[in-house]
*Asks:* 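First the structure, which I've put down as structure tokens, then a few questions once you've had a look.
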Amino acid sequence: MNKNITILNRPLKLACGAELPNRIAKAAMNEQLADDKNSPTKEIIRLYKRWALGGAGLMITGNVMIARTALVLPRDVVIEDERDLPLLQEWAAASIAQGGHIWLQINPLLSL
């Protein structure tokens, strides 16, 4: 076995069938990089691209809300409909360009 390969470099197959290219993960955190309308921004895309280039095999996003009426923090990304689809696609593409995964931390809080 190549001594330059460590366990962190090895792929990891998960029970759900997903295979991560390595065992390096970025945990969920509130990036606070949405705009004032809660749309993804070039800044969040650039940040995830940098993490992908750094070798993260899995990136779990901060809160991604499903309703603007139930924000956890004011600059969380919200996906209520397709209005931000091009930016969402760009965010995903930047994140997976090196073969890693991006998983959304979906926060379904709804106001009552």
*Asks:* Report whether Met29 and Trp103 are members of the same hydrophobic cluster (ILVMFWY, side-chain heavy atoms less than 4.5 Å apart, transitive linking).
*Replies:* no
*Asks:* Short question: side chain of Asp76, backbone of Leu71 - any donor-acceptor pair under 3.5 Å?
*Replies:* no
*Asks:* Would Ile60 end up clustered with Val72 when hydrophobic side chains under 4.5 Å apart are linked, directly or stepwise?
*Replies:* no
*Asks:* Is His101 reaching over with its side chain to a backbone N or O of Glu19, donor-acceptor style, under 3.5 angstrom?
*Replies:* yes
*Asks:* For a quick test of reading the model, state the closest non-hydrogen atom pair linking Ala52 to Ala94 and the distance between them.
*Replies:* CB-O, 3.7 Å
*Asks:* Using only atom types and a distance under 3.5 Å, with no angle test, would you say the side chain of Ser95 pairs donor to acceptor with the backbone of Ile102?
*Replies:* no
*Asks:* For residues 22-31, which residue pairs qualify under salt bridge (Lys or Arg N to Asp or Glu O under 4.0 Å), counting only residues two or more places apart or in two chains?
*Replies:* Lys26-Glu31
*Asks:* Using side-chain heavy atoms (C-beta onward) and a distance below 4.5 Å, is Asn38 in contact with Met65?
*Replies:* no
*Asks:* Roughly how far, to the nearest 0.5 Å, is CG of Leu47 from CE of Met59?
*Replies:* 9.0 Å
*Asks:* Apply side-chain contact (heavy atoms from CB on, under 4.5 Å) to residues Glu90 and Lys42 and explain how you reach the verdict.
*Replies:* CA-CA 9 Å; Glu90 190 176 346; Lys42 294 294 184 179; 2.8 Å; yes
*Asks:* Flag the pair Pro74 / Gln32 as yes when at least one side-chain heavy-atom distance between them is below 4.5 Å, and no otherwise.
*Replies:* yes
*Asks:* Are any side-chain N or O atoms of Asn30 and backbone N or O atoms of Leu73, one a donor and one an acceptor, separated by less than 3.5 Å?
*Replies:* no
*Asks:* Surrounding CZ of Arg50 (heavy atoms of other residues, nucleotides or ligands, distance under 6.0 Å), is the total greater than 12?
*Replies:* no
*Asks:* Ignoring hydrogens and geometry, is there a side-chain-to-backbone donor-acceptor pair from Glu80 to Arg68 under 3.5 Å?
*Replies:* yes
*Asks:* Would Trp51 and Leu8 show up in the same hydrophobic cluster when neighbours are defined by side-chain heavy atoms closer than 4.5 Å?
*Replies:* no
*Asks:* Does Asp84 use its side chain to pair, donor to acceptor, with the backbone of Leu88 at less than 3.5 Å?
*Replies:* no
*Asks:* Would you indicate whether the side-chain heavy atoms of Ile66 and Val78 approach each other to under 4.5 Å?
*Replies:* no
*Asks:* Distance check, rounded to the nearest 0.5 Å: Trp91 atom CH2 versus Arg46 atom CZ?
*Replies:* 14.5 Å
*Asks:* When clusters are formed by joining ILVMFWY residues with side-chain heavy atoms under 4.5 Å apart, either directly or through shared neighbours, do Tyr48 and Val64 land in the same one?
*Replies:* yes
*Asks:* Same cluster or not: Leu20 versus Ile24, using hydrophobic residues (I, L, V, M, F, W, Y) connected whenever any side-chain heavy atoms lie under 4.5 Å apart?
*Replies:* no
*Asks:* Check for a donor-acceptor pair, side chain of Thr61 on one end and backbone N or O of Gln105 on the other, with a separation under 3.5 Å.
*Replies:* yes
*Asks:* Hey, could you give me the CG/CG distance between Asn107 and Asn63, rounded to the nearest 0.5 Å?
*Replies:* 4.5 Å
*Asks:* Does Asp81 pair with Arg83 as a salt bridge, N-O distance under 4.0 Å?
*Replies:* yes
*Asks:* Please confirm whether the backbone N or O of Gly57 pairs with a side-chain atom of Asn22, one donor and one acceptor, at under 3.5 Å?
*Replies:* yes
